[in-house]
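For reference, the structure discussed in these notes is given below.
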Amino acid sequence: MALMNAKEYVDSLRKLHTKVYLFGERVENFVDHPIIRPSINSVAMTYALAQQEEYQDIMTAYSELTGTRVNRFCHLHQSTEDLMNKVKMQRLLGQKTGVCFQRCVGMDAINAVYSTTYEVDQKYKTEYHARFLEFLKYVQENDLTVDGAMTDPKGDRGLPPSRQADPDLFLHIVEKNEKGIIVNGAKAHQTGSVNSHEHLIMPTQAMKEEDKAYAVSFAVPADAEGIVMIYGRQSCDTRKLEGNNCMDCGNCRFGGQEALFVFDHVVVPWERVFLCEEYEFAGMLVERFAGYHRQSYGGCKVGVGDVLIGATALAAEANGAAKASHIKDKLIEMTHLNETLYSCGIACSALGHETAAGNYEIDNLLANVCKQNVTRFPYEIARLAQDIAGGLMVTMPSQSDFDSEEVGEYCRKYFKGQAEMDTMDRMKVLRLIENLTLGTAAVGYLTESMHGAGSPQAQRIMISRQWDLEEKKNYARRLCGIGGAQTDGEE
Ligand code: SF4
Ligand code: FE
């Protein structure tokens with residue numbers, strides 16, 4: 001099958017029997033639900049752009065597995081150029097949607113599981129890698145969206161998986177038989193899970209022998225028996241239920257999505273099991289997935305940042321303040337921060353390397369620096385956007401008031417800004433900034449920047465593992481003459 005277009009992707013979701021709950025009720029037709037649909041539109045954009053000639057090189061890549069071009073979201077990175085194209089693709093999609101477009105978690109999981117299964121097989125003569133290749137071929141040939149699922153609920157953070165009061169707080173194997181494994185547990189905060197065809201499950205942290213039942217990786221289709229998804233609420237999400245009041249949503253066409261993903265005795269056949277109790281590889285898989293996803297943020301958040309900077313510049317124009325030097329300076333600062341994030345995403349890609357399995361992974365230290373910056377800079381960019389936008393962003397009336405026969409005239413009269421800008425356009429831009437910094441899109445642009453791909457402390461631990469502080473001390477020792485050490489080139 002060739003690459004799917006956006007409509008085919010949306011229609012393909014209709015064929016699944018994904019069990020979705022929202023506001024306490026089962027949503028039979030989740031594809032057309034007004035709160036869910038914008039998030040589907042975002043994933044659909046990953047299909048739509050892959051169809052466009054001008055984006056072919058960024059959105060698609062040649063797969064040796066299928067002998068065809070595949071969507072880059074299903075691709076195994078073959079070079080540092082592939083890694084950089086991934087980041088460029090994510091920036092592009094952030095610009096086009098202004099939200100989290102969700103499909104990257106699968107791409108990052110695919111690349112992490114590919115290289116890890118190869119190394120597990122080397123050690124244990126298992127057949128995980130060959131199984132995984134079969135799964136990946138199926139994904140590539142059918143251009144599927146894969147949810148990469150890692151984060152367990154974790155219960156008491158002070159206890160390992162096997163010592164939790166409730167064993168299901170970490171996803172685990174409850175039974176092994178001749179057909180496969182049966183698993184129980186959940187994955188929390190699952191980006192794009194409702195919009196995915198397949199789910200690639202990974203352990204959530206490094207494991208010890210006592211936790212080996214929790215060291216498990218496998219793939220399941222979205223509508224496998226025993227899977228339930230409970231949709232996550234987002235700030236201001238019910239504005240999407242207000243019919244044609246698009247202005248109040250800020251960005252009515254696109255959205256992000258997270259869900260609680262429950263596994264209630266789900267059966268996984270052996271051909272879809274990619275790690276089963278080899279606990280010493282859980283940490284490797286986690287680090288590789290996290291590294292890729294920390295790189296990802298140097299693309300997607302930058303694209304969304306581009307939208308926010310643009311909206312802020314428009315708001316300044318609407319206020320008649322665009323020429324003020326401090327406004328220009330703040331826009332420069334926002335751009336500087338945004339491009340710094342992009343630089344990190346590109347740098348960790350450019351310094352990537354080949355894995356034993358043959359795909360490419362990023363420079364892990366720089367990917368962690370990238371994500372650490374992402375935990376901060378979007379907040380500062382958002383602060384500056386709110387500074388320039390002004391308080392009207394959160395005090396303005398609803399679109400219904402602007403449309404009202406009784407008070408609409410007052411609204412349009414008193415919220416007029418710079419003469420050439422239509423009042424309603426001014427309101428739309430302010431609502432977009434509200435959406436990005438306080439509304440549904442702020443989940444992706446701010447909170448996810450903090451906690452997605454690991455919270456800030458997770459990156460600091462990884463930075464401290466790779467900083468080579470002893471070598472840095474030696475540089476200092478040589479220069480100031482401690483211990484008689486000499487600098488290079490000195491006689
Ligand atoms: Fe992709 Fe960014 Fe969303 Fe992660 S947060 S899935 S990298 S858009
Ligand atoms: Fe994320």
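The list of side-chain hydrogen bond (donor to acceptor under 3.5 Å, both in side chains) pairs with a residue in residues 16-25, not counting sequence neighbours, is empty. Each salt bridge (Lys or Arg N to Asp or Glu O under 4.0 Å) pair with one or both residues in residues 436-445, not counting sequence neighbours, would appear here, but there are none. For residues 198-227, the pairs satisfying salt bridge (Lys or Arg N to Asp or Glu O under 4.0 Å) are Glu198-Arg272, with sequence neighbours left out. Contacts classified as side-chain hydrogen bond (donor to acceptor under 3.5 Å, both in side chains) and involving residues 289-312 (residues at least two apart or in different chains) are given here: Lys86-Gln295, Lys86-Ser296, Gln90-Ser296, Arg91-Asp306, Gln95-Asp306, Asp108-His293, Asp108-Ser296, Arg294-Asn368, Gln295-Ser349, Lys301-Glu448, Asp306-Asn338. Sequence neighbours left out, the pairs with a member in residues 162-185 that pass salt bridge (Lys or Arg N to Asp or Glu O under 4.0 Å) are Lys176-Glu277. Pairs passing the salt bridge (Lys or Arg N to Asp or Glu O under 4.0 Å) check and including a residue from residues 67-78, sequence neighbours excluded, read Arg72-Asp82.
For the pair Phe254 and Met45, the minimum side-chain heavy-atom distance is below 4.5 Å. Within the 4.5 Å cutoff, the side chain of Gln51 has no heavy atoms near those of the Met59 side chain. Two residues are said to be in side-chain contact when any heavy atoms from C-beta on lie closer than 4.5 Å; Thr117 and Leu275 fail this criterion. Considering only heavy atoms from C-beta on, Tyr128 comes within 4.5 Å of Cys276 through its side chain. In this structure, Val174 and Pro167 have side chains that are not in contact, with every pair of non-hydrogen atoms separated by 4.5 Å or more. The shortest side-chain heavy-atom distance between Met89 and Phe73 falls under the 4.5 Å cut-off.
His265 and Asn184 share a donor-acceptor pair across their side chains, judged by distance under 3.5 Å alone. With hydrogens and angles left out, the side-chain atoms of Asp147 and Thr191 include no donor and acceptor closer than 3.5 Å.
Arg103 forms a cation-pi arrangement with Tyr47, by the criterion of a distance under 6.0 Å to the ring centre and an angle within 45° of the ring axis.
Shortest non-hydrogen contact noted between Thr437 and Leu446 is O-CD1, 3.5 Å. Here the closest non-hydrogen pair linking Ala50 and Asn71 is CB-ND2, 3.5 Å. Across all non-hydrogen atoms, the minimal contact from Gly256 to Val99 is N-CB, 4.1 Å. When all heavy atoms of Leu436 and Gly98 are compared, the closest pair comes out as CD2-O, 3.4 Å. Contact record, Leu308 with Ala385: CD1-CB, 3.8 Å, taken as the closest heavy-atom pair. Counting all heavy atoms, side chain and backbone alike, Leu16 lies closest to Ala222 at CD1-CB, 4.2 Å.
Asn435 contributes a side-chain N or O that, together with a main-chain N or O of Cys249, makes up a donor-acceptor pair within less than 3.5 Å. At least one donor-acceptor pair under 3.5 Å links the side chain of Lys371 to the backbone N or O of Met450. Between the side chain of Gln164 and the backbone N or O of Ser162 there is no donor-acceptor pair closer than 3.5 Å.
A salt bridge between Glu278 and Lys123 is absent, with no side-chain N of the basic residue lying under 4.0 Å from a carboxylate O of the acidic one. With salt bridges taken as basic N to acidic carboxylate O contacts below 4.0 Å, one links Glu434 and Arg431.
Atom-to-atom distance recorded for Tyr360:OH and Ser115:OG is 13.5 Å, nearest 0.5 angstrom. Distance check, rounded to the nearest 0.5 Å: CG of Asn85 to OG1 of Thr60 gives 9.5 Å. Here the straight-line distance linking atom CG of Leu144 with atom CZ of Phe135 works out to 7.5 Å at 0.5 Å rounding. To the nearest 0.5 Å, the span separating CG on Asn111 from CD on Glu361 amounts to 9.5 Å. For the atom pair OG of Ser42 and NZ of Lys96, the computed distance is 14.0 Å after rounding to the nearest 0.5 Å. The CD1 atom of Ile35 sits 4.0 Å away from atom CZ of Phe23, with the distance rounded to the nearest 0.5 Å.
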Task: side-chain contact (heavy atoms from CB on, under 4.5 Å) assessment of Leu351 paired with Thr80 - done: CA-CA 7 Å; Leu351 296 187; Thr80 53; over 6 Å; no
- [ ] List the steps and the verdict of side-chain contact (heavy atoms from CB on, under 4.5 Å) for Tyr231 and Val27.
- [x] CA-CA 10 Å; Tyr231 207 84; Val27 185; over 6 Å; no
TODO: Carefully, step by step, assess His129 and Phe274 under the rule ring-ring contact (aromatic ring centres under 6.0 Å, His included).
DONE: CA-CA 7 Å; His129 193 65; Phe274 311 129; 10.0 Å; no
Task: side-chain contact (heavy atoms from CB on, under 4.5 Å) assessment of Leu13 paired with Phe30 - done: CA-CA 9 Å; Leu13 293 181; Phe30 70 90; 4.2 Å; yes
Task: Test side-chain contact (heavy atoms from CB on, under 4.5 Å) applied to Val307 and Leu432, step by step - done: CA-CA 9 Å; Val307 175; Leu432 177 58; 4.1 Å; yes
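Checked options Thr46, Thr97, Asn195; the residue passing with Gln102 is Asn195 (criterion: side chain to side chain donor-acceptor pair (under 3.5 Å)). Applying salt bridge (charged side-chain N to carboxylate O under 4.0 Å, His left out) to Asp237 and the options Arg233, Arg239, Lys240 leaves one that passes, Arg233. Each of Val262, Val220, Asp264 was checked for a side-chain contact (heavy atoms from CB on, under 4.5 Å) with Ile227, and the lone residue meeting it is Val220.
Residues forming a salt bridge (charged side-chain N to carboxylate O under 4.0 Å, His left out) with Arg465 (at least two apart in sequence, or on another chain): Glu287. Partners of Asp32 by salt bridge (charged side-chain N to carboxylate O under 4.0 Å, His left out), not counting sequence neighbours, listed by chain and number: Arg14, Arg37. The ring-ring contact (aromatic ring centres under 6.0 Å, His included) search around His197 returns Tyr9, not counting sequence neighbours. Glu127 meets the salt bridge (charged side-chain N to carboxylate O under 4.0 Å, His left out) test with Arg131; sequence neighbours excluded. Every salt bridge (charged side-chain N to carboxylate O under 4.0 Å, His left out) that Asp152 has, sequence neighbours left out, goes to Lys187. The ring-ring contact (aromatic ring centres under 6.0 Å, His included) search around Tyr279 returns none, not counting sequence neighbours.
Environment of CD in Glu64: sparse, with no more than 12 heavy atoms of neighbouring residues, nucleotides or ligands closer than 6.0 Å.
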